[in-house]
Amino acid sequence: MKRTSLHTIPKGYPEFLEAVKVRIRQAQVKAALSTNRELILLYWEIGHSLDLEQKKRGWGAAVIPRLSRDLSNELPELKGFSERNIGYMVAFAREYGPPPILQQAVAKSDGQPFLPQPVAKTAETQHRAVALEAATLHVPWGHNILLMEKVKDRSARLWYLQQTLENGWSRSVLSLMIDSAAHRRQGKAVTNFDAKLPPAQSDLAKQTLKDPYIFDFLTIEKPFHERELETGLIHHLQRFLLELGTGFAFVGRQVHLIVGEEDFYLDLLFYHLKLRCFIVVDLKIGPFKAEYAGKMNFYLNAVDERFRHQSDQPSIGIILCQQKNKILAEYALRGMTKAIGVSEYRLTRALPKELRSSLPSIEEIESELAKTEVRGDKKRKAMERRVRR
């Protein structure tokens, strides 16, 4: 592609600039740029049209800062047309392609269509269209930029778009979810939900649980006790609830139960607003043991007897341990009468394989430190010689 000087007007550029201004004014009249859907479609149209013109006319990269400057000069009341943001518009249009949701082309001032007609539907275009449709509903532009930059797999990106719409994630929460690979951990716990819950509640409950849970906001050192872990989670309750997922409402810790004149204490008790039931969380140090399932079953019977309202669904138990043997957990849950899930938790986030393989070994670090000391010693001696001279 040819380089275009910022001070040289490319062929066809004045007409293109005028068409962009017309489209912006149309969007202003229609929605005053306040409707998220209209705003993102406007960004898509500008990015797509600019991409076409660059390819057709051989415009260089300098056309983007020129367009940003001209729009700022001629439409000074507008925000969002910085050089960087226009670059994002082009990337957004390239990423999702022509969406079938645009049934009509927007007319230019010369009567020619500003946009091409929608392309024929294929599996790829339909998948992109679903993602773009999700993006244009209520997901802000900043969320879309974050997803484009951080999530390259389109299926995973669509999952995050849908979760953002359902849960109302802010941009910072979305970033945390992406960093912790939430899409890989959702619905991975070992449970008996299919056997113990109605189908609709079972599906929702399975998607509610993660495996593993990441508690990298804790600073406790090994070895630690269960009470230390519990105290740390409560101290960082907001981050803990965020990791648990949407819908969890904290009820209490060390909730006291008296059964048969004996005292029992629940580690953590929650109420889930979507599942409409109490959720008992039992924290365990070390690997999962079969007897944990029986104890949780006992706790859930007691909670249903003491706390459950007649309009509530049966309570659910979550056993969080440091390691779980999947087969052992499945066998332990098979005979239980209550809905129970078993998940692992980790205090640190695992490094990606590609990053892990690129990290230096201890020997390499020691060797590099020795080289650095030698280089530093040579520099020091050279400096001393110059000072003496």
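Reckoned from all heavy atoms, side chains included, excluding hydrogens, waters and symmetry mates. What you see is a predicted model, and the numbers here were worked out from it, not measured in a lab.
- Trp141 and Tyr88 have their aromatic ring centers separated by at least 6.0 angstrom.
- With respect to the salt-bridge test (charged N to carboxylate O, under 4.0 angstrom), the residues Asp179 and Lys150 qualify.
- Ring geometry for Phe307 against Phe278 counts as tilted: the plane angle lies between 30° and 60°, on a 0 to 90° scale.
- Side-chain rings of Phe250 and Tyr271 stay apart, their centers remaining 6.0 Å or farther from each other.
- Between Glu95 and Lys152 there is no salt bridge, since no side-chain nitrogen of the basic residue lies less than 4.0 Å from a carboxylate oxygen of the acidic one.
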Evaluate the side chain to side chain contact (heavy atoms under 4.5 Å, CB included) criterion for residues Arg346 and Phe215: first the C-alpha distance (whole Å), next the side-chain angles of each, then the deciding distance (0.1 Å), finally the verdict. CA-CA 6 Å; Arg346 296 174 187 168; Phe215 300 149; over 6 Å; no
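- For the residue pair Ser315/Arg308, the side-chain donor-acceptor check at 3.5 Å is not satisfied.
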Going through the distances and angles, do Ser175 and Val173 end up as a side chain to side chain contact (heavy atoms under 4.5 Å, CB included)? CA-CA 5 Å; Ser175 182; Val173 171; over 6 Å; no
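- Side-chain contact annotation: Gln254 with Glu230, donor-acceptor N/O pair under 3.5 Å present.
- Both the sub-6.0 Å distance and the 45° axial angle are satisfied by Arg334 relative to the ring of Tyr331.
- Asp153 and Arg157 are not joined by a salt bridge, as no carboxylate oxygen comes within less than 4.0 angstrom of a charged side-chain nitrogen.
- Under the 3.5 Å distance criterion, with hydrogens and angles disregarded, a donor-acceptor pair is assigned to the side chains of Tyr13 and Asp70.
- A salt bridge is defined here as a Lys NZ or Arg NE, NH1 or NH2 lying under 4.0 Å from an Asp or Glu carboxylate O, and Arg253 with Asp267 fails to meet this definition.
- By the 4.5 Å heavy-atom criterion applied to side chains, Ile145 and Asn85 are counted as neighbours.
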